[in-house]
Structure formats: C-alpha cells, structure tokens
Number of protein chains: 2
Amino acid sequence: MKISAQEEYGLRCLVQLAALPEGGSLTLPQIAEREGISIANAGKLMWLLNKAGFVHSTRGTKGGYSLERPAEDIRLSEIIKVLDEDVLSKHCGSYTGVLDSCVHNGDCGIRPVIIGLHMLVENALSQITLAQLVGSERSVDAMFHRVHSIHRTVEPHGV
Amino acid sequence: MKISAQEEYGLRCLVQLAALPEGGSLTLPQIAEREGISIANAGKLMWLLNKAGFVHSTRGTKGGYSLERPAEDIRLSEIIKVLDEDVLSKHCGSYTGVLDSCVHNGDCGIRPVIIGLHMLVENALSQITLAQLVGSERSVDAMFHRVHSIHRTVEPHGV
DNA sequence: AACAATCTTGACGAAAAAATAATGATTTGC
DNA sequence: GCAAATCATTATTTTTTCGTCAAGATTGTT
Ligand code: FES
Ligand code: FES
C-alpha cells in the first residue's frame, strides 16, 4: 500500500502555497525549485490542482498560483481524493488477472477489507487540514498522534 | 494510496489455501486457475510467499503448496509487510524529484502523516487473520466493521 | 503594437512495475 | 533408472506510470 508520486508531489506543492503569508502566490519556477522537481512536472501537478479547484492561477507577468480557499478549510482527504483518481472504485476492474473481470465477483472476502481500509485512511485524512502541515515536523507529528490515538482505544480482543 | 498487484494477488493466493480443508494443498496450475492469473505469475507469487515462510512447498508428483501455519495465526499485517517490500522506509528516498534526496530532509510536515497512515493501516490489518477472509463477502464485511468501528470512537472535534 | 513572463495542454520518451518465458532442480511412480 | 509432475530461479518482454517537451494562449509592460 503506497502513495503515488502524484499524491506526494501534489500535496507538497499545496503545502508550499499554504506556507505563504496571506494572499501570497508562487510561480511555477518557484514551486519547482522549492520542491526540487522540474518546472514541467510542477506545471502538470498545478494544472490538476487548478482543475480540481484547490488553487487559482493567474497568467502573464506577475502571475502565479495561490490557494483558492483558506488552508484551514482544505482537508487532506479532499486533496488525496483528487490526486488519487478514484482508485477505489476501479479496484475490482484493475486486478482481473488474465480474465476480463475479477474472478471473485459476487462473493469476495478481500473487497470489504480494501474498502474498509480506504474508509479508515480517508477518515484519518479528513481530520487533518492543509494548514496543519505547514508547521515543523515535530508539531505535525504531535498533531497526527492525536488522530492516531484513535486506534489505541479499540478493545484488544481479536475481532 | 493504493494496493499493488503483488499485494492483491499474493493475498488472494493465500486465501485460496486458507479455504482448503485442514492440511489440504494446491498446485500452481490449480492456484492460477482459481485466481484467474497465469501459472507463471502464480509461481512467482508463491515463491515469494514461500521465502517469507507463509507456505510450505512440496516438489514432484503430488506436490503443491500448503499453509505453513494455521490460517487463524496469520495476520494480514504480516502478509502485507512481506508483499509490500518495505515501502515505508524507502519513502523519503523514492520521491526525490530531480535531486538526490528529499528537499525536506530535516523538517518535513508530510513524513509524519505518511508514517501515521501506515501505522493506522497496519494496526487495522493486524486485527484481521487470514482465516477471517475465507467466509463470504457479507460476513467479512461485518467482521471488518467491528474493526472499522475504532475510528468512529474518535471525538469529532478537529485535531 | 511589440515583447516578455507566465500558465495550458496534448503528445512523446524514460523509468518502474508487472507479467511472461525459459531453464533448472527435486520428487514420485513405475 | 527413467519419465512425468511439480516447484525454483533468473531473464526477457510487456504494460503502466511518471516525467519531459514543445507549441500555444493569456496577461502585463513599455
Ligand atoms: S477485489 Fe474485486 S471481487 Fe475481490
Ligand atoms: S517525505 Fe521525505 S522529507 Fe518529507
């Protein structure tokens, strides 16, 4: 289970914008430099994020990208959903082996686990806003542990 | 965030073995047919699972694969860890853009989120055994919801 | 109007992942 | 001992994902 390059870099670009003072903006070359990626790559990522409505772009001299909404209002779950291209609903169609469709269609024990995991992850991410990622690693870590503690509350008996 | 083909098919092959009557075994062609994948592919997956100690293989006529340990003792977290090839520890080395290492080394707000998500997922998967995946979709779904309920118990205030 | 800075967008090439193929090794049954 | 059945291992090909390029469109400046 891993995060894709699009998710990772897209999220990072948004964090750069969120770290700016109120109303600030960055051009593609600036974003690319700050994230250590190519300008072309940053361009594609920002194009996606623009289409999805997270950022606002201005062309021409003095142009650039800025957040469309306050960073405090943007939840990570929304961002990942966009950068992830609906991987969940395509799950059964992706792993069909040499056949045309999942051999387990109709009665599959794995599907509920996949769906459950996605809900779990989405729920955790929905509790974190873009603004919260701007701080230093230490503070983000402490913040996540508050979310993380939710799984300590489960009774230890096997399910 | 998605599951890889290796994780998906590897897990499915193990479920097939777990569904067998006590002590039963399956040959590669049988596994391949039941999962709708090629024999070559099944062979590679079972080789991995054998190296990791989940299954026991017997060569020659009347050979095949069987579970090395009871399905009730094998937790999904163990399986995924093997099929996932330690994606977590390689995270920072994977997304380096055009540079040699993560631009955020030393103070990164995303890393704790990635690590936290992994812990969350691993914790959920550690509460599910292979044996529990054998039943019908409905029963597995109900079972997962008992695990899943852990995230409903979190206080809804923002973190 | 001409020019420079900037974003837009589809096509293309490179890299990584997945699947397949090929060859070898072990066991069983005769 | 030999042949058939089976797993083991590495190499090759195919597919998918990722990154780059190039031509275009828009805006601001002089
Ligand atoms: S994951 Fe699609 S039917 Fe099992
Ligand atoms: S993910 Fe590696 S430093 Fe941020």
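We name chains A, B, ... by the order of the sequence lines, and we start the count at 1 in each one. Hydrogens, waters and symmetry mates play no part in the numbers below; they use all other heavy atoms, side chains included.
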N/O (side chain, B:N50) to phosphate O (OP1/OP2, D:dA8) under 4.0 Å: yes
Checklist line | Distance test, side-chain N/O of A:Y65 to OP1/OP2 of C:dT8, below 4.0 Å | finding: yes
Classify A:A5 by what it touches in the nucleic acid, base, sugar-phosphate, or nothing, heavy-atom distance under 4.0 Å. sugar-phosphate
**Asked** Under 4.0 Å between a side-chain N/O of B:W47 and OP1 or OP2 of D:dA8, yes or no?
**Response** no
By nearest-heavy-atom nucleotide on DNA chain D, the more 5' of B:R59 and A:I37 is B:R59
Of B:G60 and A:G63, the one whose nearest nucleotide on DNA chain C sits closer to the 5' end is A:G63
On DNA chain D, more 5' by nearest nucleotide between A:T61 and A:A40 is A:A40
Regarding D:dG19, can its base be found pairing with the side chain of A:K44 as donor and acceptor, where the two atoms are less than 3.5 Å apart?
yes
Taken to the nearest 0.5 Å, the spacing of A:K44 NZ from A:L28 CG works out to 13.5 Å
Q) So what does B:K51 touch, heavy atoms closer than 4.0 Å: a base, only the sugar-phosphate, or nothing? A) nothing
From CD of B:E68 across to C1' of D:dC7 the rounded distance in Å is 15 Å
Note: A:K81-A:E122 ion pair, threshold 4.0 Å (strictly below): yes
So does B:S57 get a side-chain nitrogen or oxygen closer than 4.0 Å to the phosphate oxygens (OP1/OP2) of D:dT6? no
Does C:dT20 have its OP1 or OP2 closer than 4.0 Å to a side-chain nitrogen or oxygen of B:S38? yes
From CA spacing to verdict: side chain to side chain contact (heavy atoms under 4.5 Å, CB included), A:F54, A:L14:
CA-CA 8 Å; A:F54 291 115; A:L14 283 180; 4.2 Å; yes
Do B:I31 and B:Q16 make a side-chain contact, defined as non-hydrogen atoms from C-beta onward lying under 4.5 Å apart?
no
Next item on the list: Output yes when at least one side-chain N/O atom of A:K2 is less than 4.0 Å from OP1 or OP2 of C:dA17, else no.
Entry: yes
Q. Counting any heavy atom closer than 4.0 Å, what does B:Y9 reach on the DNA or RNA strands: base, sugar-phosphate only, or nothing?
A. sugar-phosphate
